[in-house]
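Report on the following structure.
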Amino acid sequence: VNALPVPVISGKTPACHNSSETYVTEGGMSNYTWTMSKSNGTDFDGDLSPSSSENATVTCNKENVVGVISVNYTDLNGCRAAIPTEYSVIVRSLPPTPPTITGPTPVCANTTELYKIPIQPGIVNYIWSVDGGAQIVSGQGTNAVEIEWTTTPGSNRLITLYTVNADCFRPAIPQEVAVKVTGLTKPVVSGNLATICTGSQEIYTTQGANSYEWFVSGGTFGTGTQFTQTTTINWGVPGTGRIAVKYTDANGCEAMSDTADVTINALPSTGIINGTVDICIGNTTQLSNTTGTAGGTWRSSDVNRATINASGLVTGISSGSTTIWYIVSNSQGCTDSVSQIITVNSSPVVQPITGNNSVCIGGTTALLNSTSGTKVWRSDNVNIATVSANGLVSGVSAGSTLIWCSVTNSSGCTDSVSFTITVKNNPVPTINGLTSVCAGANSLTYSTENGMSNYTWSISGGNIISGGNSNQVTVNWGSTA
């Protein structure tokens with residue numbers, strides 16, 4: 001006599017609403033009979049997919065109910081269970097559909113952003129996922145996660161969330177959000193990164209974007225240029241300088257350039273300019289620079305005022321001031337200069353000399369010059385005529401010479417004017433008349449050359465009785481021999 005079989009059912013309980021579950025009994029039997037019914041009057045609603053094998057599938061159409069699955073079969077001895085075996089299946093509710101995921105989109109490549117939903121009652125687990133090019137770095141299993149966006153800029157990525165309650169572990173309908181990943185190409189610093197000199201001002205620029213921020217060491221920014229596409233850098237002391245730029249697009253995505261190192265070279269030594277700084281029109285002055293770098297170049301800022309040649313000789317052209325530059329360069333291509341202001345002063349306008357243009361030997365004549373300033377009188381030939389400090393000319397010998405009057409004004413500039421003086425021989429008068437007369441002779445006439453002036457007669461042993469101012473006189477001789 002064989003014992004009756006007692007089927008054993010295995011399968012998931014609790015099950016989830018709207019899930020399809022498979023239940024299994026012993027295999028290798030025959031005449032399997034599966035049934036499904038309510039338990040204790042509950043309103044169980046499900047679909048049984050009958051099977052002639054050891055398994056059956058149940059679809060749970062209603063939540064929070066209990067149903068009964070039963071099975072019977074004929075064993076290998078031809079025996080059948082006296083009553084079918086029953087198996088209670090509890091159907092639980094699915095977790096609620098998650099609310100909308102909140103978080104930024106679009107996002108910037110290579111950034112980490114927070115995404116979350118409100119906490120849901122009864123939810124014991126939150127399962128987050130994100131497709132390729134991003135990774136969850138924290139928060140998995142909670143209602144908020146941090147996602148690092150390492151994907152290529154310009155691509156779209158999908159965040160998916162499943163929620164799980166205490167009994168039902170099958171995922172509910174997922175909540176998804178599409179995130180567009182954006183980014184910028186790394187900026188490039190353009191400008192002079194080669195020959196940099198102390199104190200030089202250089203201009204740098206980068207690609208177009210929405211906003212900019214420049215960074216520099218070893219230099220300072222030109223006014224108002226740190227946050228523009230093009231910046232101006234005033235480089236400082238010799239050494240190593242660095243420059244970089246960060247820019248941001250309309251989505252707030254940032255990109256940083258590589259840091260460019262620049263060598264800041266020292267300037268050559270300019271020394272100081274030595275020499276006279278005040279000259280007169282037409283005069284020259286020699287400038288020099290013995291303490292600066294040799295081989296420099298001289299330059300005048302206004303060649304209409306003064307010129308300067310390659311050796312530093314300055315020539316005054318017209319009154320006024322000009323700046324003289326000494327410019328030097330070194331082997332690093334750095335140039336510097338030192339300057340000196342040169343003042344070109346006007347010469348005095350010397351008025352003509354006035355006075356007699358002739359004098360007799362041994363005679364004097366006074367010359368005058370009305371020009372203001374310090375005067376110096378000079379004769380070209382002191383063997384013909386001399387001139388005193390106040391312009392008094394003295395005849396020495398017959399001939400002509402130039403008398404000069406040099407005038408120096410308050411600026412120290414001098415000019416001169418000349419005057420021709422003729423020195424004449426003194427006349428040698430001849431007297432015509434009796435040279436032997438009787439004592440007491442009267443009214444005798446004596447004469448000299450006619451046509452002269454300033455006749456002056458003198459007599460001893462007699463008296464001039466007429467004609468004393470002419471070329472002829474009448475004389476009464478005395479009574480004694």
Q: Might you work through the side chain to side chain contact (heavy atoms under 4.5 Å, CB included) test for Tyr326 and Ile308, ending with a clear yes or no?
A: CA-CA 11 Å; Tyr326 183 69; Ile308 187 167; over 6 Å; no

Q) Hey, mind stepping through Thr59 and Ser20 against side-chain hydrogen bond (donor to acceptor under 3.5 Å, both in side chains) and telling me if it holds? A) CA-CA 4 Å; Thr59 301; Ser20 293; 3.2 Å; yes

Q: Let me see the working for Ile317 and Val344 under side chain to side chain contact (heavy atoms under 4.5 Å, CB included), right down to the final yes or no.
A: CA-CA 7 Å; Ile317 304 298; Val344 181; over 6 Å; no

Q: Applying side-chain hydrogen bond (donor to acceptor under 3.5 Å, both in side chains), run through Thr414 and Ser406 and close with a yes or a no.
A: CA-CA 7 Å; Thr414 300; Ser406 297; over 6 Å; no

Q) Are Phe221 and Trp214 close enough, and set up right, to give a ring-ring contact (aromatic ring centres under 6.0 Å, His included), and what steps lead you there? A) CA-CA 9 Å; Phe221 293 104; Trp214 292 86; 7.9 Å; no

(Q) Evaluate Ile117 against Thr100 for side chain to side chain contact (heavy atoms under 4.5 Å, CB included), listing each step before the verdict. (A) CA-CA 7 Å; Ile117 64 168; Thr100 300; over 6 Å; no

Q: List the steps and the verdict of side chain to side chain contact (heavy atoms under 4.5 Å, CB included) for Trp377 and Asn369.
A: CA-CA 10 Å; Trp377 293 90; Asn369 189 287; 4.2 Å; yes

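When only modelled atom types and interatomic distance are considered, Ser339 and Thr323 share no side-chain donor-acceptor pair under 3.5 Å. Under the 3.5 Å distance criterion, with hydrogens and angles disregarded, a donor-acceptor pair is assigned to the side chains of Asn234 and Gln201. With 3.5 Å as the limit, one finds a donor-acceptor pair spanning the side chains of Glu146 and Ser138. Residues Thr322 and Ser301 bring a donor and an acceptor atom of their side chains to less than 3.5 Å of each other. Checking Trp404 against Asp380 by side-chain atom types alone, a donor-acceptor pair falls below 3.5 Å. There is a side-chain donor-acceptor pair under 3.5 Å between Thr33 and Arg80.
Cys60 has its SG atom at least 2.5 Å from the SG atom of Cys16.
In this structure, the side chains of Leu367 and Ile421 come closer than 4.5 Å at one or more pairs of heavy atoms. With a 4.5 Å cut-off on side-chain heavy atoms, Tyr212 and Tyr247 count as touching. For the pair Trp149 and Glu113, the minimum side-chain heavy-atom distance is below 4.5 Å. Side-chain atoms of Thr401 and Phe419, non-hydrogen and from C-beta on, never get closer than 4.5 Å to each other. Put simply, the side chain of Tyr87 does not reach to within 4.5 Å of the side chain of Val8, judged on heavy atoms. The closest side-chain heavy-atom distance from Ser311 to Trp298 is not below 4.5 Å. In this structure, Trp325 and Val338 have side chains that are not in contact, with every pair of non-hydrogen atoms separated by 4.5 Å or more. Residues Thr74 and Met29 fail the side-chain proximity criterion, which asks for heavy atoms closer than 4.5 Å.
Scanning all heavy atoms of the two residues, the minimum distance from Pro7 to Ala81 falls at CD-CB, 3.7 Å. Of all the heavy atoms in Ala15 and Ser19, the pair that sits closest is CB-OG, 4.2 Å. The two atoms that bring Asp415 and Pro348 nearest to each other are CB-O, 3.6 Å, heavy atoms only. Residues Trp34 and Ala56 approach most closely at CD2-CB, 3.6 Å, considering heavy atoms. Here the closest non-hydrogen pair linking Ile324 and Ser300 is CD1-CB, 3.7 Å. Between Ser321 and Ile341, the shortest heavy-atom contact is CB-CG2, 4.2 Å.
A distance-only check finds no donor-acceptor pair linking the side chain of Thr408 to the backbone of Gly412 [under 3.5 Å]. Remark: side-chain polar atoms of Asn330 are paired, donor with acceptor, to backbone N or O of Gln332 under 3.5 angstrom. Of the possible polar contacts, one joining the His17 side chain to the Asn61 backbone as a donor-acceptor pair under 3.5 Å is found. The backbone N or O of Asn381 sits less than 3.5 Å from a side-chain atom of Ser379, completing a donor-acceptor pair. Between the side chain of Gln229 and the backbone N or O of Thr206 there is at least one donor-acceptor pair closer than 3.5 Å. Glu54 places no side-chain N or O within 3.5 Å of a backbone atom of Gly28 that could act as its donor or acceptor partner.
Using the six-membered ring where Trp is involved, Trp235 and Tyr204 have ring planes that are perpendicular, over 60° apart on the 30 and 60° scheme.
Taking CD1 from Ile233 and CD from Gln226, the interatomic distance works out to 8.5 Å, rounded to the nearest 0.5 Å. To the nearest 0.5 Å, atom CD1 of residue Ile83 and atom CG of residue Asn72 are 9.0 Å apart. Ile264 CD1 to Thr195 OG1: the interatomic distance, rounded to the nearest 0.5 Å, is 13.0 Å. Here the OG1-CZ distance, from Thr315 to Arg305, works out to 15.5 Å after rounding to the nearest 0.5 Å. To the nearest 0.5 Å, the span separating CD1 on Ile279 from OG on Ser411 amounts to 12.5 Å. Residue Ile353 holds its CD1 atom at 5.5 Å from SG of Cys405, rounded to the nearest 0.5 Å.
A 6.0 Å sphere centred on NZ of Lys375 holds more than 12 heavy atoms belonging to other residues, nucleotides or ligands. By the 6.0 Å contact criterion, CG on Leu402 is enclosed, its count of non-hydrogen atoms from other residues, nucleotides or ligands being greater than 12.
Applying the side chain to side chain donor-acceptor pair (under 3.5 Å) rule to pairs touching residues 255-277 yields Lys186-Asp258, Arg242-Asp261, sequence neighbours excluded. Under the salt bridge (charged side-chain N to carboxylate O under 4.0 Å, His left out) criterion, the residue pairs touching residues 212-238 are Glu213-Lys246, with sequence neighbours excluded. Residue pairs meeting the disulfide (SG to SG under 2.5 Å) criterion with at least one partner in residues 275-326, sequence neighbours excluded, are Cys280-Cys413.
With sequence neighbours excluded, the residues forming a side chain to side chain donor-acceptor pair (under 3.5 Å) with Thr231 are Thr225, listed by chain and number. Ser372 is linked by a side-chain contact (heavy atoms from CB on, under 4.5 Å) to nothing, counting only residues two or more places apart in sequence or in another chain. For Tyr73, the ring-ring contact (aromatic ring centres under 6.0 Å, His included) partners at least two apart in sequence or on another chain are Tyr32.
Only one option out of Leu287, Val277, Asn283 pairs with Val314 in a side chain to side chain contact (heavy atoms under 4.5 Å, CB included); it is Leu287.
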